[in-house]
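A quick write-up on the structure given underneath.
A, B, ... follow the sequence lines: proteins, then strands. Residue 1 opens every chain.
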There are 4 protein chains.
Amino acid sequence: MNVSVIGGSTCSKKDYRIAQELGRLIAHEGWILVCGGRTGIMEAACRGAKEAGGLTVGILPSIDGEDGNAYLDVKIPTGLGFARNILVVRASRIIVAISGKRGTLSEIAFAFNEERKVIGIHTWKIKGVIQVKTPQQAVARIKKYLKKISI
Amino acid sequence: MNVSVIGGSTCSKKDYRIAQELGRLIAHEGWILVCGGRTGIMEAACRGAKEAGGLTVGILPSIDGEDGNAYLDVKIPTGLGFARNILVVRASRIIVAISGKRGTLSEIAFAFNEERKVIGIHTWKIKGVIQVKTPQQAVARIKKYLKKISI
Amino acid sequence: MNVSVIGGSTCSKKDYRIAQELGRLIAHEGWILVCGGRTGIMEAACRGAKEAGGLTVGILPSIDGEDGNAYLDVKIPTGLGFARNILVVRASRIIVAISGKRGTLSEIAFAFNEERKVIGIHTWKIKGVIQVKTPQQAVARIKKYLKKISI
Amino acid sequence: MNVSVIGGSTCSKKDYRIAQELGRLIAHEGWILVCGGRTGIMEAACRGAKEAGGLTVGILPSIDGEDGNAYLDVKIPTGLGFARNILVVRASRIIVAISGKRGTLSEIAFAFNEERKVIGIHTWKIKGVIQVKTPQQAVARIKKYLKKISI
């Protein structure tokens, strides 16, 4: 199962650590981490996932993949620029947003269009985003959601 | 020159009239109206533009174009579903948002990613959206912007 | 109704004249000419369509539209590079290919994927392409096809 | 490094075995197998790669991923239909085509647009495709190409 992590390509140290911990937890659950493949929150989440032996996928804006961070197992260059945000969202049924600016906002909004579940930490306060405070809470919400849809 | 009008596929009568008037004014200026081609705000803007003898373009979610409203001169079926929102935004340097829900939010956020100018009427209060109250004010802001970038 | 004309961004004088004549005939029928918006066959077809008072649409590779030819009524910048070929194909039920290289081949092949009708003049001899010799014959085949699907 | 394998969603037993062997060899080299994620050649290549302990990625037409074959480590649902072919091509610098019909042709042609290297086995005889007879020869050609571009 894929979980997409979205958030800014620049972020605070605190949010970086949160994303890293979330990456670890996602890998620990055996889930695949999908992201936009770049720096900041994306890099942090990938780094955490790799620390925990997980699998990471970056769906990249470039057409050649040179913009990928150092913790990606799979690079998917798209040549779509920011439009690749849509693919990051479509790739998973569950999206976790950490901080982020307008790029992240576009992904959150697009996730609702596509009926994806969105969990947020320190991010946009948009109606429909399940706001949590820690990576642990995010994972708990994902598990709860999976239990619900598998019944 | 293209102007993209974005907003919900359902809307209040009041917002419908606003979009219709905006469509008229856009056509009156000789600008081409680009939109997502469906009902609600999109239909209203196209209808207004046609009343004023303008040209209307709908970039449609479907692959066959049967979801287009009755006031489109040019239908561009895409088969991309909601992802066509990105094309509506990329098609114009200037976007006017009227009311709208999450689909519109995704377009506003994506417009910022792509460095488009966004003018809003009764819509999301996102930082960076130039909030105005009437179609006339929206057109005045567009003209001001055009003057600025043409210098 | 849209008709998409595809072909190389460079072409022989002979093929340029063929495309220009095809553009004229398309406009004469009241059909909208859709193309990739650039030079060569695309420009020729648009030029012919404008000479006959038609409407022309260019779905452009660039994100700003500066790569459009001089005979476009509607420019749709996409920022998709060559991937915009898919949108040129999806935009119409009928595609006319004139000469062309690999870009045109990708459009012909993609047109079959999407169950579009493809008519060819001096182009790739791929099974399924209805080969004709003149723009007049191309238009006759389009009319025949329209009659068939409208029954 | 990614290698994209393209080919029909239905294929002969012989081509299935060729694709399976190619998958094994790709995995053996430590390369990541990217494909359209469905049946036929795609399934065969993934199956071979998994037999050799490799990593497989399917870029899927659907928006929910239910069309993926049983040998995919990573499913990337796109909701793009056949347009996802472009992403399969952009994902790798090297494409191997095995048999295939028009879907494969569109990928080959698109690969040239995007300046990808294309190696073919029992597939379209398009100029520019490096025709080989066996998976072993395909891998040898890939290695030769990698040596060339790394100098």
Side-chain angles (χ1 to χ4, degrees), chain C residues 4 6-10 35-42 59-62 67 76 78-93 95 97-120 123-131, chain D residues 4 6-10 35-42 59-62 67 76 78-93 95 97-120 123-131:
Chain C
S4 290
I6 63 177
S9 59
T10 58
C35 69
R38 301 200 64 222
T39 51
I41 294 297
M42 299 169 266
I59 300 179
L60 293 160
S62 72
D67 50 347
I76 310 282
T78 66
L80 298 176
F82 278 113
R84 72 79 157 81
N85 287 5
I86 280 186
L87 295 171
V88 173
V89 166
R90 285 185 167 173
S92 304
R93 277 196 298 185
I95 318 292
I98 302 176
S99 71
K101 296 179 188 165
R102 289 158 173 178
T104 305
L105 178 61
S106 76
E107 290 175 307
I108 292 173
F110 193 72
F112 288 128
N113 295 348
E114 301 291 8
E115 305 189 350
R116 267 55 182 159
K117 187 63 96 185
V118 184
I119 296 167
T123 192
W124 292 84
K125 307 298 179 219
I126 302 294
K127 193 184 158 190
V129 176
I130 302 167
Q131 304 284 351
Chain D
S4 290
I6 62 176
S9 59
T10 60
C35 69
R38 302 199 63 220
T39 51
I41 294 296
M42 298 169 266
I59 301 179
L60 294 160
S62 73
D67 49 348
I76 310 281
T78 66
L80 299 177
F82 278 113
R84 72 78 158 83
N85 287 4
I86 280 186
L87 295 172
V88 174
V89 166
R90 286 186 168 173
S92 304
R93 278 195 297 185
I95 318 291
I98 302 175
S99 71
K101 297 180 187 163
R102 288 156 173 178
T104 304
L105 178 60
S106 76
E107 291 175 306
I108 292 174
F110 192 72
F112 288 127
N113 296 347
E114 301 291 6
E115 304 190 350
R116 266 57 182 159
K117 187 63 93 184
V118 183
I119 297 166
T123 191
W124 292 85
K125 307 298 179 220
I126 301 295
K127 193 184 159 188
V129 176
I130 301 166
Q131 303 284 349

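Highest contact tally toward chain C, considering only D:Phe112, D:Phe110, D:Trp124, is held by D:Phe112 [criterion: heavy-atom pairs under 4.5 Å]. For chain C, the option among D:Leu87, D:Val89, D:Ile126, D:Ile108 with the highest count of heavy-atom pairs below 4.5 Å is D:Ile126.
Taking all atoms of both residues into account, the shortest heavy-atom contact from D:Phe82 to C:Glu114 is CB-OE2, 3.7 Å. The heavy-atom pair separating D:Arg102 from C:Ala109 by the smallest distance is O-CB, 3.7 Å.
Residue contact with chain C, scored on non-hydrogen atoms closer than 4.5 Å, involves the backbone and the side chain of D:Leu105 alike.
No more than 12 heavy atoms of other residues, nucleotides or ligands lie within 6.0 Å of CZ in D:Arg93, so this atom counts as exposed by the packing criterion. Within a 6.0 Å sphere centred on NZ of C:Lys127, other residues, nucleotides and ligands contribute 12 heavy atoms or fewer.
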Please step through side chain to side chain contact (heavy atoms under 4.5 Å, CB included) for the pair D:Leu80 and C:Ile86, ending with a clear verdict. CA-CA 11 Å; D:Leu80 299 177; C:Ile86 280 186; over 6 Å; no

